[in-house]
> 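Take this structure, written in C-alpha cells, and hold onto it; I'll ask about it next.
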Amino acid sequence: MPELGTEEENPELRDFQRRFWWTLPLTIIVAVLAMVGHRLEILDPPTSTLAEMALSIPIVWWAGAPFLIRGLQSIVHRSPNMWTLIALGVGAAFLYSVAAVAAPGFFPDSLKGHGGTVGVYFEAAAVIICLVLLGQIMELRAREKTGSALRGLLDLSPKTARRIAADN
C-alpha cells in the first residue's frame with residue numbers, strides 16, 4: 001500500500017516564486033522601455049537600450065538559469081524538448097541584442113533604424129522568462145493539489161481488510 005507522505009513545502013516552487021516576484025517588476029520596466037519608452041521620452045534611445053540590457057541581464061541569467069540549464073542538457077543528451085525551444089529563443093534574442101548594442105557596425109544597414117541603431121529584443125527574452133516562470137509556478141501548484149487529493153483518497157482506504165471465504 002502506498003505510504004502517506006507528510007505535506008512538505010516544495011523547494012522548487014518556492015524558488016520559482018522567488019525568481020518570479022523579483023523578475024516581474026524588472027520585466028515590466030524593460031517592456032515599458034521597449035514598447036513605449038520612446039513615446040514617453042523617459043530616456044534617450046541609447047540610454048534606454050542600455051537600461052533594457054542592464055535590467056534584462058539578471059532576468060535572463062539568474063531567473064532564467066534553470067530553463068537555460070535544462071535547455072543545454074536537452075541539447076547535450078540529444079533529446080530536444082520545450083526547454084530546448086525556450087533556451088534557444090531566449091538565448092538568440094538576448095545574444096543578438098547584446099551584439100547589436102556592443103557592435104552595431106557589424107550589422108548591415110538594412111537592419112538599422114532611423115538613428116542608425118539596430119533593433120534589440122531584450123524585452124522578448126525578459127517576457128519569455130517571466131511567463132515561463134509563471135507557467136511553472138502554476139504547474140507546480142497544480143501538482144501539489146493533485147498530490148493532496150491523492151493523499152485524501154488514500155486516507156479513505158481502510159487500514160485493515162478481512163477476507164471472507166466462500167464458506168463464510
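What's counted below: heavy atoms across the whole structure, side chains too, no hydrogens, waters or symmetry copies. In what follows, residues are counted from 1 in the order of the sequence shown.
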> If we only count heavy atoms from C-beta on, is the Phe67 to Leu133 side-chain gap below 4.5 Å?
yes
> May I ask you to test the Pro104-Thr117 pair for a side-chain heavy-atom distance under 4.5 Å?
no
> Quick check for you: to the nearest 0.5 Å, what is the distance between Ile57 atom CD1 and Glu52 atom CD?
12.0 Å
> Once you round to the nearest 0.5 Å, how far does CD1 of Ile59 lie from CZ of Phe122?
11.0 Å
> Which pair of heavy atoms, one from Cys130 and one from Leu24, lies closest together, and at what distance?
SG-CD1, 3.8 Å
> Roughly how far, to the nearest 0.5 Å, is the CG atom of Leu40 from the CE atom of Met35?
13.0 Å
> Please tell me whether Leu43 and Val101 are part of a single hydrophobic cluster in this structure, the criterion being side-chain heavy atoms less than 4.5 Å apart.
yes
> Relative to each other, are the rings of Tyr96 and Tyr121 parallel, tilted or perpendicular (30° and 60° limits)?
tilted
> Which atom names give the shortest non-hydrogen contact between Leu68 and Ala87, and what distance separates them?
CD2-CA, 3.9 Å
> Quick one, Thr27 and Phe20 - any side-chain contact, counting heavy atoms below 4.5 Å?
no
> Flag yes if Met53 and Ile28 sit in one hydrophobic cluster, no otherwise; membership is Ile, Leu, Val, Met, Phe, Trp, Tyr, and two members link when side-chain heavy atoms are under 4.5 Å apart.
yes
> Which of these passes side-chain contact (heavy atoms from CB on, under 4.5 Å) with Leu13: Glu139, Arg141, Gln136?
Arg141
> May I have all residue pairs that pass side chain to side chain donor-acceptor pair (under 3.5 Å) and include part of residues 58-71, sequence neighbours excluded?
Glu12-Arg70
> Strictly by salt bridge (Lys or Arg N to Asp or Glu O under 4.0 Å), give each pair with a member in residues 101-124 just once, sequence neighbours left out.
Asp109-Lys112
> How long is the gap from OG1 on Thr84 to NE2 on His77, to the nearest 0.5 Å?
11.0 Å
> Same cluster or not: Ile42 versus Val30, using hydrophobic residues (I, L, V, M, F, W, Y) connected whenever any side-chain heavy atoms lie under 4.5 Å apart?
yes
> Would a hydrophobic clustering, with Ile, Leu, Val, Met, Phe, Trp and Tyr connected at side-chain separations under 4.5 Å, put Val60 with Leu95?
yes
> Under 4.5 Å between side-chain heavy atoms, counting indirect links through other Ile/Leu/Val/Met/Phe/Trp/Tyr residues: same cluster for Leu134 and Ile128 or not?
yes
> For Met82, look at atom CE and say whether over 12 heavy atoms of other residues, nucleotides or ligands are found less than 6.0 Å away.
yes
> Kindly give the heavy-atom pair with the smallest separation between Glu144 and Asn10, and that separation in Å.
OE2-CB, 3.3 Å
> Drop me the distance from Ser74's OG to Ile86's CD1, to the nearest 0.5 angstrom.
10.0 Å
> How many angstroms lie between OG1 in Thr23 and CG in Leu131, if you round to the nearest 0.5 Å?
11.5 Å
> Applying salt bridge (charged side-chain N to carboxylate O under 4.0 Å, His left out), name anything that partners Asp44, two or more places apart in sequence or on another chain.
none
> Any idea which heavy atoms bring Gly119 and Ala100 closest together, and the distance?
O-CB, 4.2 Å
